[in-house]
Amino acid sequence: MIICKSPLEIEKMRRGGLVIWELLNELKAMAVPGVSTYDLENAAEQRIAKSGAQPAFKGLYDYPCVLCTSINNEIVHGIPSRRRVLKEGDILKIDVGVKIDGFYSDSAVTVPVGKISPALEKLVRITEESLYSAIEKVKLGGRLGDVCAAVENYVRPHGYAVVRDFVGHGIGSQLHEDPKIPNYGTPGHGPLLKEGMVLAIEPMVNTGTYKTRILDDKWTAVTEDGGYSAHFEHCVVVTKNGPWILTKP
Ligand code: MG
Ligand code: MG
C-alpha cells in the first residue's frame with residue numbers, strides 16, 4: 001500500500017532532507033585522495049548527532065554504519081572502512097539517510113575524487129541528469145511507470161545499463177515503503193501518482209552489464225563485470241504544483 005503523507009509529515013521529511021543536503025556537501029568537500037571512507041563515516045556520525053537527527057541506516061537490517069560508501073565498481077551498500085582510502089580518479093558514491101520525529105529522508109550522490117577521466121565524468125553527469133529526467137515525471141495524474149521509464153530511456157542511448165537488482169522506494173515513517181521504484185518501466189503503467197506520495201528515486205547506472213554480485217561482507221553490491229557504477233538519489237513529493245525535492249534546498 002502506498003501511504004500519502006500529510007503536510008506535517010512532509011515538513012518533518014523536509015527538515016531531514018536539508019540535514020542530509022548539508023551533510024552531503026560537507027562530505028563531498030572532504031572526499032579527496034588520502035581520506036578513508038571511515039573518516040567520512042566518522043564526520044557524518046558527529047554531524048548527524050549535532051543536527052538532532054538520528055541516522056537511518058545504522059542498525060537497520062543490522063547494517064553497521066551511518067553511511068554507505070561505494071567506490072568505482074561498487075554500486076551500493078559499501079561499508080566505510082579505515083582500509084578504504086580514496087585515490088585520485090575514483091568515483092565515490094555516498095548514500096545517507098536520517099530520521100527526524102519518526103520520519104525518514106534518504107539521498108545519495110556520486111563524487112569525483114580529484115581529477116577523474118572524461119569517461120567517468122560522463123557517466124556521473126548522465127546518471128545525475130537521468131535522476132532529473134525522472135523527477136520531471138513526478139506529477140499529479142502521472143503514473144509511476146513514467147518515472148521509472150525515464151531513467152532507462154535517458155541512459156540507454158549512451159550505452160549504459162540500469163541496475164535491476166536494486167530499486168528506489170516509497171519513504172515515510174519507514175525508510176523503505178511501497179512502491180518499489182525500478183529504474184526501468186513502461187510509461188502509462190503502474191500506480192497513479194497522488195498528492196502526498198513521497199518517492200525516493202535512485203538511478204544506479206553501470207558502464208557495462210546491469211548484473212550485480214554481493215561481496216563476502218554480505219553487503220557491498222558490485223558490478224558483475226567490474227565496470228563502473230554511478231548513483232544519485234533524491235526524495236521527491238507529489239504536489240499540486242509538480243515535484244518538490246525534499247533533499248535539496
Ligand atoms: Mg539512499
Ligand atoms: Mg533509498
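Since this is a predicted model, take the numbers as computed values, not measurements. Just so you know, these numbers use all the heavy atoms, side chains as well, and skip hydrogens, waters and symmetry mates. Ligands are counted one by one from 1 in listed order, and the atoms in each one are counted from 1 as well.
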(request) Answer yes or no: is there a donor N or O on one side and an acceptor on the other, between the side chain of D39 and the main chain of S36, under 3.5 Å? (result) yes
(message) What I want to find out is whether E177 reaches K5 closely enough, with some N-O distance under 4.0 Å, to be called a salt bridge.
(response) yes
(message) Treating T212 as the side-chain partner and A221 as the backbone partner, does any N or O pair qualify as donor plus acceptor under 3.5 Å?
(response) no
(message) Under a 4.0 Å threshold between the charged nitrogen and the carboxylate oxygen, would E41 count as salt-bridged to R84?
(response) no
(request) Output yes if H176 passes the N/O/S-under-2.8 Å test against the Mg ion (ligand 2); output no otherwise. (result) no
(request) Salt-bridge test for E121 and R125: reply yes if a basic N is under 4.0 Å from a carboxylate O, no otherwise. (result) no
(message) Donor-acceptor check, side chain of R82 to backbone of Y38, threshold 3.5 angstrom: yes or no?
(response) no
(message) Less than 2.8 Å away from the Mg ion (ligand 1), how many protein N/O/S atoms can be counted, ignoring water?
(response) 4
(request) Would you kindly say whether N206 and T223 are connected by a side-chain donor-acceptor distance under 3.5 Å? (result) no
(message) Restricting to N, O or S, what is the name of the atom of H169 that lies nearest the Mg ion (ligand 2)?
(response) NE2
